[in-house]
Amino acid sequence: MRNTFEHKLGKLNNDLIRMGGMIEEAIASAITALRDNNNELAQSVVDNDIRVDDAEKSIESQCLSIILREQPVARDLRKVSAALKMVTDMERIADNAADIAEISLIADVSAIMHIVKEIQVMSEKVIHMVSGAVDAFVRTDITLAKTIIEDDDEVDELFISIRNKIVDLIKSESCSGEVAVDALMIVKYLERIADHAVNVCEWVEFFETGEYKNTQII
Amino acid sequence: MENENVKISTKNVNLYYGENHALKDINLDIKTNRITAFIGPSGCGKSTYLKSLNRMNDLVPGCRITGSFLLDGEDIYADGVDTNVLRRRIGMVFQKPNPFPMSIYDNVAYGPRVHGIKSKAKLDRIVEESLIGAAVFDEVKDRLHKSALSLSGGQQQRVCIARAIAVQPEVILMDEPTSALDPVSTLKIEELMNTIKDKYTVAIVTHNMQQAARISDYTAFFLVGEMVEYGKTDDIFSRPKDKRTEDYITGRFG
Ligand SMILES: Nc1ncnc2c1ncn2[C@@H]1O[C@H](COP(=O)(O)OP(=O)(O)OP(=O)(O)O)[C@@H](O)[C@H]1O
Ligand SMILES: [Mg+2]
């Protein structure tokens, strides 16, 4: 048995779980900061982004070291290369959460968050997708990965309906153009985060089957 | 598998050393001009299989072989097959270097001489080309007439490879040919295999997974006398079908 190797893979898993926790928290905090117009919380999301970047670098460096020293094959190779690809998506998720927090720092959109309740609903859905995607990877749960990929349709629908609501608000002059644009950007970021969660799930499928987006790439 | 020609076809092969059932119903086609690697734990029958291809097991008392072995469609075990001719067509390099107790030159010239080449110039050329091909010429060129036994293990092995290619076989069987070689000589031999595969069909046993992955086109995984999985090397090392293959190549075996 390769105890050292198993240990390295275990650490990689743990670090991915930890990074997953960090990005879920970043999204949740960014949304709470918006709702409560809490600048302190928003600032912490922006500040914490560097920790996510560090986690990404550490995971990348672990993967490269495993490739160099352990020369993984088969399942191990697929696992390490999937991890290497998916941390990029995880890091982008944190960037998008920081982008949302930055909007919160420069504008007070709490009012529109209360009027358009679906933004909260959408954010919860997105967080659920992100945590599910990371879980699917660490537990190698391809069924879960597929469910998450399907969830993206709901997020896309929410995006359209929220967008229409915002347009209505502008038409009825119920909110300022500035706030409306900010709100639209926020939901666009959320929609992007869901896409990155889908990407992570596609790497889970690759890990299990060697297929990425229905193409055998290994 | 794709439209590649089959050099050696083996079907329903069973081999017994007395009571020991060493090969169990092996079905495997070795492709022409391809490198086929045989991997598996010690004692699983890799060497036995390789040796059965050029009838080296005929000499083992108590050894019983059934099944069909076809070289270019012709039965290797048919009555009247001259094993000397067979072994010229299917050459072998063994696990342990086994130079003949004679000079380096004579080792390499041995086969060509047996096959009737007498011209000194021609023999000189064959010896030099074979030694170059086996990546050992520079190290031995000044002592060609010294005993091959005076060489280091790695050098002896490369002289044995030179001896095998000197007769221009159609198939070269190599049983862990680089296990005693340093990394540089190993890479030279691997390069050699790559360059000669246009002319030869190579079957190689190796315990080095990276080597199998680097050099071979096809890989067969053996386990206690059975062939568990056989397929394109890229597939075996990225998506093996059988869990036992996966466990073995990822080092989780046993
Ligand atoms: N000449 C022989 N006489 C009797 N039994 C033999 C002989 N050669 C091999 N065997 C037996 O046949 C089985 C397969 O041996 P073989 O040498 O083919 O294994 P292998 O896969 O080449 O192992 P290794 O990786 O250690 O070289 C073993 O159980 C071995 O003990
Ligand atoms: Mg052997």
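Note that this is a predicted model, so its numbers are computed, not measured. Within every chain, numbering begins at 1; the chains are lettered A, B, ... in the order of the sequence lines, protein sequences first and strands thereafter.
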(Q) Atom CZ of residue position A/R163 - does it have more than 12 heavy atoms of other residues, nucleotides or ligands inside 6.0 Å? (A) no
Q: Check whether more than 12 heavy atoms from other residues, nucleotides or ligands sit under 6.0 Å from atom CZ of A/R92, and answer yes or no.
A: no
Q. Taking everything shown except B/K24 itself, do over 12 heavy atoms lie less than 6.0 Å from its NZ?
A. yes
Q. With side chains defined as the heavy atoms from C-beta onward, is the minimum distance between B/R252 and A/D76 less than 4.5 Å?
A. yes
**Q.** CZ on A/R75 to OG on B/S238, rounded to 0.5 Å
**A.** 13.0 Å
Q: Starting at CG of B/D234, measure out to CD1 of A/I218 and round the result to the nearest 0.5 Å.
A: 8.5 Å
(Q) In the structure I gave you, are the side-chain heavy atoms of B/R239 and A/R78 within less than 4.5 Å of one another anywhere? (A) yes
Q.
Tell me whether A/Q71 contacts the main-chain N or O of B/Q210 through its side chain, where contact means a donor paired with an acceptor under 3.5 Å.
A. no
**Q.** Neighbour count >12 (heavy atoms, 6.0 Å) for atom NZ, A/K8
**A.** yes
Q) Around A/E118, counting heavy atoms of other residues, nucleotides and ligands shown, do more than 12 lie under 6.0 Å from its CD? A) yes
